Amino acid sequence: MLSYAPWQFGSILPWLDLFGIAVFATTGALAATRRGQTFVTAAFFALVTGVGGGSIRDLLIGAPVFWVHDPLVAAVCLAVAALVWMTPQIWWQDAALDWLDAVGLAAYAVFGAAKALAFGEPPVPAAMMGVITACVGGIIRDVLAGEPSILMRPELYVTAAALAAGLHVILVSAGLPAFAAAIIATVAGFGLRAAAIRWKLALPSYRGRR
């Protein structure tokens, strides 16, 4: 097992983790309010979107499910749902949310991979835990809302999470201090997602046999 834990990065990454949860919770609440649903539904969407990926990660690596033992996480999700519910939709522009989501995606992917490493997972599974942490909440949101899943879109989204998580694992395995590896990997994941937003980058789709 590695000799560090996710909270040993210092004060920055845990706050980025909460930021990522808040951003994902916002997208969940918006998925409900844009369909004219009740506040209860918006709060439920915010919670499952914000904590879904991290919950699956913790169950897979045998860790205590993080938000059950942290009073801040559920409170942040519910507060975000209330904010979305009480404000006009014009405040929540898709473009602005895309950029915020890009930061949250990268930070959450790195945090998930770091936690998996701290619990003794091998490098490849640890990187996959980072992707699960960053993406599964959005998948659950899309399924509940009846929208095409992010897995079914060609845009560079899951790929950006994979870059952030994988790069963090590689850098830590190469001996770079965990905090430095986290910053570099987060910037790289955000950079790829930002490029995809700016220039509409996408992976090639399957064209079938010719």
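All residue numbers refer to positions in the sequence shown, counting from 1. It should be emphasised that the depicted structure is a prediction, and the values quoted were computed from it without experimental measurement.
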If we only count heavy atoms from C-beta on, is the [X] to [Y] side-chain gap below 4.5 Å?
| X | Y | result |
| --- | --- | --- |
| F111 | T133 | no |
| L30 | L97 | yes |
| L163 | R193 | no |
| F119 | M129 | no |
| V73 | I21 | yes |
| D58 | W67 | no |
| I140 | T49 | no |

For the pair T41 and R35, evaluate side-chain contact (heavy atoms from CB on, under 4.5 Å) and give the outcome as yes or no after the intermediate values. CA-CA 10 Å; T41 303; R35 288 163 176 77; over 6 Å; no
Would you say Q93's side chain and I90's backbone share a donor-acceptor pair under 3.5 angstrom? yes
Do [X] and [Y] land in one hydrophobic cluster if side-chain heavy atoms of ILVMFWY residues count as linked below 4.5 Å?
| X | Y | value |
| --- | --- | --- |
| L203 | W199 | yes |
| V51 | L78 | no |
| V76 | V65 | yes |
| V48 | I132 | yes |
| V187 | I184 | no |

Look up atom [atom1] in [X] and atom [atom2] in [Y], then write down how far apart they are to the nearest 0.5 Å.
| X | Y | atom1 | atom2 | result |
| --- | --- | --- | --- | --- |
| Q37 | L144 | CD | CG | 11.0 Å |
| C77 | L47 | SG | CG | 5.0 Å |
| F44 | T38 | CZ | OG1 | 11.5 Å |
| D101 | T26 | CG | OG1 | 10.0 Å |
| C135 | I56 | SG | CD1 | 13.0 Å |
| M128 | L60 | CE | CG | 10.5 Å |

Would F45 and T33 count as a side-chain contact (heavy atoms from CB on, under 4.5 Å) if you check the C-alpha gap in whole Å, the side-chain angles of each, and the deciding distance to 0.1 Å? CA-CA 10 Å; F45 267 64; T33 57; over 6 Å; no
What pair of heavy atoms forms the shortest contact from [X] to [Y], and how long is it?
| X | Y | value |
| --- | --- | --- |
| A29 | A81 | CB-CA, 4.0 Å |
| R141 | A31 | CG-CB, 4.0 Å |
| A160 | L105 | CB-CD2, 4.0 Å |
| D142 | P148 | OD2-O, 3.5 Å |
| A127 | G166 | CB-CA, 4.0 Å |
| G53 | V136 | CA-CB, 3.8 Å |

Please work out which of the three classes, parallel, tilted or perpendicular, describes the rings of F24 and Y108, given edges at 30° and 60°. tilted
With R57 as the cation and F66 as the aromatic partner, state whether NZ or CZ is under 6.0 Å from the six-membered ring centre and within 45° of the axis. yes
Counting only heavy atoms not in F190 (residues, nucleotides, ligands), do more than 12 fall under 6.0 Å from its CZ? yes
